[in-house]
Amino acid sequence: MDQSKEQRILNSVSYNAVKGDPESVLDCIDKYCSQKEWAMNVGDEKGLILDNVVKEADPTTALELGTYCGYSAIRIARLLKPKAHLFSIEFNPEFVPIAKEIIEIAGLSDKVTILEGHAQDIIPQLKSKYDVDTLDFVFLDHWKERYAPDTILLEECGLLRKGSILLADNIIYPGAPEFLEYIRNHKRFECTNYPSHLEYMKVEDAMEKAVYLG
Ligand SMILES: O=C(NCCCCc1cc2cnccc2s1)c1cc(-c2ccc(F)cc2)cc(O)c1O
Ligand SMILES: [Mg+2]
């Protein structure tokens, strides 16, 4: 059976990236996906916004919804301080082993735990099963219509604390209108919009940061 696009991305990383060097893994994926095959990584332009928000949050415990090939997990994990940890949830069983391998090549396996399943099933288990207290940073990059309900779920599960920072991808394209409506009208969130472009394209996109006020 011929390989998947995600398999081909892993092949390219495995062949071209410097083992243990997260930057070279990111560069390799960005090169492959801008020159050979488009893929839904957050990419280099929005990746810089992600970097800056992660640096601002300086999280001890971070959560990502939507691992895909591990690109944004590497962007986040490479900035984490020594004892900090990233939990990343992915529902597609095909992507999990590929993301694990790419994160391993980046040398960041110790800082990232990939949890396979749907966010709405795993979020309620984070405290009891994964010993999470509260989340300092959350990157939303999964089903766009799940951004709002899963944000509500995070709050209901007591996983947000005063100052928790949420960052959502694809606010314009594919778009997350319900999330935008919810988060901007909810008084316990302080929102900031970051205009950008869809990964590897000239199409408009944006990211939205929401600080939980407690
Ligand atoms: O759909 C996107 N991301 C979500 C897919 C993962 C589904 C999951 C559900 C789920 C549930 N629970 C836990 C984990 C997970 S992962 C996505 C799509 C585009 C795009 C696609 C076509 C196009 F022409 C232009 C842009 C760009 C992006 O940056 C994206 O992020
Ligand atoms: Mg995205």
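Read the numbers this way: they start at 1 and go in the same order the structure lists the ligands and their atoms. None of these values were measured; they are calculated from a predicted model.
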Flag N170 as yes when one of its N or O atoms lies below 3.5 Å from any N or O atom of ligand 1, and as no otherwise.
-> yes

Please examine the side chains of Y147 and N170, heavy atoms only from C-beta on, and report whether any two atoms are closer than 4.5 Å.
-> yes

Minimal heavy-atom distance between E204 and I172, with the atoms involved, is O-CG2, 3.7 Å

Give the residue and atom name of whichever protein heavy atom lies nearest to atom 18 (C) of ligand 1, and the separation in Å to one decimal.
-> P174 CG, 3.7 Å

Determine whether any heavy atom of W38 lies closer than 4.0 Å to an atom of ligand 1.
-> yes

Do the side chain of R8 and the main chain of Q3 share a donor and acceptor less than 3.5 angstrom apart?
-> yes

Where ligand 1 meets F91 - atom numbers and elements under 4.0 angstrom, heavy-atom basis = 7 (C), 8 (C), 9 (C), 10 (C), 14 (C), 15 (C), 16 (S)

Which heavy atom of the protein is the closest neighbour of atom 14 (C) of ligand 1, given with residue, atom name and distance?
-> I89 O, 3.3 Å

Enter the distance from L48:CG to K46:NZ here, rounded to the nearest 0.5 Å.
-> 12.5 Å

Would you kindly specify which portion of Y173 sits under 4.0 Å from ligand 1, judged on non-hydrogen atoms: side chain, backbone, both or neither?
-> side chain

Option from L115, V138, I122 for which side chain to side chain contact (heavy atoms under 4.5 Å, CB included) with F87 holds | L115

Going through the distances and angles, do K19 and E104 end up as a salt bridge (Lys or Arg N to Asp or Glu O under 4.0 Å)?
-> CA-CA 8 Å; K19 303 287 181 285; E104 172 64 23; over 6 Å; no

Under 3.5 Å, N or O to N or O, is E199 touching ligand 1 that way?
-> yes

Shortest non-hydrogen contact from A57 to D136?
-> CB-O, 4.3 Å

Which of the atoms of ligand 1 are close to D169, meaning less than 4.0 Å from one of its heavy atoms?
-> 29 (O)

May I ask you to identify, for N92, whether its side chain, its backbone, both or neither come under 4.0 Å of ligand 1 on a heavy-atom basis?
-> neither

Can you tell me which residue and heavy atom of the protein come closest to atom 15 (C) of ligand 1, and the distance to 0.1 Å?
-> H142 CB, 3.6 Å

Anything protein N, O or S sitting under 2.8 Å from the Mg ion (ligand 2): count it and give me the total.
-> 3

Closest approach of any protein heavy atom to atom 5 (C) of ligand 1, naming residue and atom = M40 CE, 3.7 Å

N/O to N/O below 3.5 Å, does that happen between D141 and ligand 1?
-> yes

Could you state the interatomic distance from OH (Y200) to CG (N41), rounded to the nearest 0.5 Å?
-> 4.0 Å

Kindly determine whether L213 and E190 satisfy side-chain contact (heavy atoms from CB on, under 4.5 Å), including the steps that lead there.
-> CA-CA 7 Å; L213 302 176; E190 182 89 32; 4.0 Å; yes

Evaluate the ring pair (Phe, Tyr, Trp, His ring centres under 6.0 Å) criterion for residues H142 and F91: first the C-alpha distance (whole Å), next the side-chain angles of each, then the deciding distance (0.1 Å), finally the verdict.
-> CA-CA 9 Å; H142 63 326; F91 93 104; 9.8 Å; no

Which atom of V42 lies closest to which atom of E199, heavy atoms considered = O-CB, 3.7 Å

Atoms of ligand 1 close to G117 [distance to a heavy atom under 4.0 angstrom, numbered from 1] | 12 (N), 13 (C)

In this structure, atom 12 (N) of ligand 1 is nearest to the protein heavy atom A119 N, 2.9 Å

Of all heavy-atom pairs linking L10 and I105, the shortest is CD1-CD1, 4.0 Å

Atoms of ligand 1 close to L198 [distance to a heavy atom under 4.0 angstrom, numbered from 1] = 25 (C), 26 (C)

Options R146, K144, E145, ranked by nearest heavy atom to atom 2 (C) of ligand 1, top entry | K144

Among protein heavy atoms, which sits nearest to atom 9 (C) of ligand 1, and what does the distance come to when rounded to 0.1 Å?
-> W143 CD2, 3.3 Å

Do you know which two heavy atoms are closest between K81 and K111, and how far apart they sit?
-> O-NZ, 3.2 Å

Where S72 and G66 come nearest, the two heavy atoms and their spacing | OG-O, 4.4 Å

